Colleague: 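Starting off with a structure, shown below.
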2 protein chains.
Amino acid sequence: MAFKIGLLGLGTVGTGTADILFNPDGRHPLLQNITISQVGVKSLEKKRNIDLPSEILTTDLEAIVTNPEIDIVVELIGGLEPARSLILKAIAHGKHVVTANKAVIARYGGEIFAAANEAKVYVLSEAAVGGGIPIVEPLKQSLGANRLENIIGIVNGTTNYILTEMTEKGSDFGQVLKVAQDLGYAEADPTADVEGYDAADKIAILASLAFGCLVKREDVYCEGITKITSSDINYAEKLGFVIKLLAIAHKVQSTTETQLQLRVHPTFVPTSHPLANVNGVNNAILVEGSPLGQVMFYGPGAGSGPTASAVVADIMNIVGVLNTDKTGDNLDSLLSCSPQGQGQISPIEEVFSRFYARFLCADVPGVIGHLGTAFGENNVSLESVVQIGFQGDLAEIVVVTHHVREGNFREAIAEIRSLNAIKNIPSIIRVL
Amino acid sequence: MAFKIGLLGLGTVGTGTADILFNPDGRHPLLQNITISQVGVKSLEKKRNIDLPSEILTTDLEAIVTNPEIDIVVELIGGLEPARSLILKAIAHGKHVVTANKAVIARYGGEIFAAANEAKVYVLSEAAVGGGIPIVEPLKQSLGANRLENIIGIVNGTTNYILTEMTEKGSDFGQVLKVAQDLGYAEADPTADVEGYDAADKIAILASLAFGCLVKREDVYCEGITKITSSDINYAEKLGFVIKLLAIAHKVQSTTETQLQLRVHPTFVPTSHPLANVNGVNNAILVEGSPLGQVMFYGPGAGSGPTASAVVADIMNIVGVLNTDKTGDNLDSLLSCSPQGQGQISPIEEVFSRFYARFLCADVPGVIGHLGTAFGENNVSLESVVQIGFQGDLAEIVVVTHHVREGNFREAIAEIRSLNAIKNIPSIIRVL
């Protein structure tokens with residue numbers, strides 16, 4: 001059976017996708033039966049890195065999602081609108097949809113999957129997280145036998161590149177960001193990456209897949225890497241850690257309720273941890289569950305080829321299942337998404353973490369005592385308090401806590417800030 | 001729709017599988033519709049770690065694979081026979097099959113998949129390689145858009161545990177093997193693991209999936225780890241490597257033909273390589289292809305829970321696709337296996353590798369010159385030749401070559417062995 005694709009967008013990933021579909025030799029034989037019928041672009045005149053028959057290009061994206069000949073719409077234009085509306089219109093016209101759009105799926109996944117289930121079509125989004133790394137499909141299919149408890153990912157290549165360079169070269173954030181922009185690893189406006197918003201989109205998607213419920217993107221607690229200094233990286237190294245921007249989804253199951261903890265923040269990761277060696281623009285996602293234990297998926301988190309590999313995998317998955325003489329009355333419930341209700345999110349104050357904090361204080365006797373008292377009175381138990389040295393005439397003290405409730409830690413910090421001897425708290429970073 | 005499972009075998013993995021299927025809460029909702037109808041065991045009297053209704057246990061395995069009520073047969077008895085015959089009989093009776101049996105799939109995959117395609121049933125084997133790590137399904141589904149070129153895996157937990165312990169504790173092979181046996185990580189007869197046969201089964205399976213052709217298990221070149229000494233591990237470390245037992249499948253595509261290289265051998269792996277940090281009983285499989293680049297899958301390669309997770313994933317995959325109101329006329333060609341012809345295998349002599357070799361020789365002038373000449377005359381170009389020190393009155397020389405044809409290297413070694421000054425060649429290990 002032959003299947004026709006309508007491609008929306010011919011940027012980096014669109015070009016990579018078209019390149020695979022027009023050159024099926026040496027790949028899975030299923031690709032022989034898949035053709036691109038139409039490609040929606042902004043401008044017909046633009047010079048492109050790929051030779052496509054000019055008659056398949058159009059600027060009328062609405063015409064693609066409503067074209068009765070097209071079986072699968074592949075949305076690669078990115079951004080919230082018109083991507084969301086085009087996806088919904090494609091679904092309404094009975095098209096299956098493949099998308100790489102993390103922002104749309106993270107924010108409108110509930111609406112989109114409900115519409116897809118109603119219309120009995122698939123909406124697949126492997127490329128939305130982890131580029132070429134298979135992670136969405138394994139969460140939906142290969143790991144479904146487990147009770148999943150944790151997902152910990154390095155899911156943003158830009159920030160991982162920046163932190164890796166800062167670690168390896170001792171450079172400052174600003175310097176490395178500039179290099180990353182010159183190399184095309186960071187955008188001119190790097191906000192979405194460096195503030196962790198992109199990682200937050202991705203962990204919202206992974207959490208809803210792993211835990212089978214809707215997750216509101218705005219419920220993800222989010223801290224970026226802009227305040228990380230080379231001092232922090234040095235101290236991390238001395239203590240046996242590297243700093244990574246982690247996206248974490250954790251399910252806390254009690255007898256009475258289920259709570260989800262969702263957060264993105266820079267984190268001290270022990271050098272022996274599998275995520276500690278994930279460097280440069282690579283991504284990795286660690287999944288923990290029972291009875292599985294821990295598995296990790298590692299690879300290129302972005303780029304034309306890897307992301308296109310994931311897009312085409314989704315197309316093939318749809319074609320594979322449609323080829324089974326499907327009547328269309330039921331979807332394969334492993335491929336489709338039917339989140340059950342809204343996940344209950346713990347406020348960040350309720351999350352338990354270890355913390356590293358660095359203090360600059362007047363070198364007066366008893367300052368470590370004051371710190372210890374403030375922490376102790378707030379039930380924050382300490383693993384270590386070390387005076388590292390001096391910055392000018394200020395003593396530099398580094399504290400690492402045990403696992404403590406974040407609300408308690410914050411109250412202790414507020415109290416410490418009001419101490420006369422404390423001049424500055426340059427960094428507070430969570431510890432894995 | 002409800003599905004009935006017939007389970008063959010109630011050992012470690014069988015017990016883990018039953019435990020998941022009898023406790024579906026908190027896992028994928030699809031599991032609610034899957035029940036175990038019959039469990040085939042050797043003895044009804046044996047004490048077990050799981051409470052099953054006694055009426056579902058039977059010693060008549062034939063009755064299970066021919067039971068008209070059963071939809072999916074799960075083969076977990078292992079070994080070649082009666083596993084192969086039971087699988088074939090189940091297929092002949094229209095059952096889908098899930099198996100964790102690497103030995104059967106590596107040797108009889110061609111026969112089994114042909115029978116399954118003829119009978120229009122699925123035979124899935126995620127648990128045959130990498131325990132709980134999803135690798136079979138990603139190769140079949142998520143990575144199918146790629147032209148795959150390389151698979152490099154640490155796929156045997158026993159040998160990886162032994163090599164890790166030898167590296168971390170400086171112990172000898174024999175000592176660590178004994179500890180591994182005491183801990184249950186190695187069997188009383190460790191041959192299949194330590195000689196690399198188990199890894200060879202697994203790479204034969206992965207190669208046939210990745211390259212879409214049949215691979216004969218006996219075509220896999222196989223060297224075990226029994227000759228690895230703590231000296232080799234020390235030299236590896238000094239040169240910036242760790243020693244791992246790698247299973248490698250490589251596709252060499254020329255304009256005129258396609259050749260596969262399949263091998264299992266101890267290998268010097270650079271410490272910066274993603275596989276270098278895979279320690280203990282963990283497994284990892286690295287897959288390279290175009291346009292994907294490199295992805296790696298990491299996790300527990302064995303054990304009851306992880307392996308059962310993979311077994312149940314296969315069951316769910318079959319149930320998911322059967323739920324789509326399938327007429328049964330066509331299989332999902334991503335889930336099924338249809339290898340195209342027999343892969344052409346390169347003899348090991350034609351494979352290009354780097355080599356590390358250690359020589360013990362009489363401390364006479366010119367010995368390095370003789371070595372260099374013998375290698376040079378056989379077109380083996382050297383990266384380094386270093387006299388490391390002495391063992392007794394013998395000089396110890398370590399050579400690392402560039403990428404050279406193995407046949408040439410072997411001829412050079414044969415020549416060197418005949419040199420008067422060369423007393424012994426304690427180790428020859430390939431370098432990644």
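Just so it is clear, the model here is predicted, and its values are computed rather than measured. All chains are named by letter (A, B, ...) in the order of the sequence lines, taking the proteins before the strands, and each is independently numbered beginning at 1.
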Colleague: Of all heavy-atom pairs between B:Leu143 and A:Pro134, which one has the smallest distance, and what is that distance?
Modeller: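 Smallest interatomic distance, heavy atoms only, reads CD2-CG, 3.7 Å.
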Colleague: Roughly how far, to the nearest 0.5 Å, is the CG atom of B:Asn146 from the CD1 atom of A:Ile20?
Modeller: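 A:Ile20 CD1 to B:Asn146 CG: 6.0 Å, rounded to 0.5 Å.
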Colleague: Listed by chain and number, what are the side-chain contact (heavy atoms from CB on, under 4.5 Å) partners of A:Ser336, not counting sequence neighbours?
Modeller: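 Partners of A:Ser336 under the side-chain contact (heavy atoms from CB on, under 4.5 Å) test: A:Asn117, A:Tyr122, A:Leu331, A:Ser333, A:Ser338.
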Colleague: Given heavy-atom pairs under 4.5 angstrom as the criterion, report whether the side chain, backbone, both or neither of B:Asn277 touches chain A.
Modeller: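 For B:Asn277, the contact with chain A is made by the side chain alone.
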Colleague: Let's test your reading of the structure: which of B:Leu335, B:Leu30, B:Asp19, B:Ile133 forms the most heavy-atom pairs below 4.5 Å with chain A?
Modeller: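 Between B:Leu335, B:Leu30, B:Asp19, B:Ile133, the count favours B:Leu30.
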Colleague: Tell me, side chain or backbone of B:Asn33 under 4.5 Å from chain A's heavy atoms, or both, or neither?
Modeller: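 For B:Asn33, there is no contact with chain A at all, as no heavy atom is under 4.5 Å.
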Colleague: With distance as the sole test, does B:Arg27 use its side chain to make a donor-acceptor pair with the main-chain N or O of A:Leu148 at under 3.5 Å?
Modeller: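 No; zero donor-acceptor contacts below 3.5 Å.
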Colleague: Evaluate the side chain to side chain contact (heavy atoms under 4.5 Å, CB included) criterion for residues B:Val278 and A:Met296: first the C-alpha distance (whole Å), next the side-chain angles of each, then the deciding distance (0.1 Å), finally the verdict.
Modeller: CA-CA 11 Å; B:Val278 176; A:Met296 190 178 80; over 6 Å; no
Colleague: I need the contact set between residues 308-316 of chain B and chain A: heavy-atom distance under 4.5 Å, sorted by residue number.
Modeller: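 Counting heavy atoms that sit under 4.5 Å from chain A, the residues of residues 308-316 of chain B involved are B:Ser309, B:Val312, B:Ala313, B:Met316.
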Colleague: Once you round to the nearest 0.5 Å, how far does CG of A:Asn317 lie from NZ of B:Lys140?
Modeller: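 Those atoms lie 12.0 Å apart.
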Colleague: With only heavy atoms counted, which part of B:Pro274 is less than 4.5 Å from chain A, the side chain, the backbone, both or neither?
Modeller: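 For B:Pro274, side-chain heavy atoms alone lie under 4.5 Å from chain A.
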Colleague: Check each atom of B:Ser290 against the heavy atoms of chain A and say whether the ones under 4.5 Å are side chain, backbone, both or neither.
Modeller: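 B:Ser290 touches chain A through backbone heavy atoms alone.
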Colleague: With side chains defined as the heavy atoms from C-beta onward, is the minimum distance between B:Arg147 and A:Asn23 less than 4.5 Å?
Modeller: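 SC-SC contact between B:Arg147 and A:Asn23 confirmed.
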Colleague: In terms of heavy-atom pairs under 4.5 Å, which option from B:Gly132, B:Gly144, B:Gly131 contacts chain A the most?
Modeller: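 Among B:Gly132, B:Gly144, B:Gly131, the one with the most close pairs to chain A is B:Gly144.
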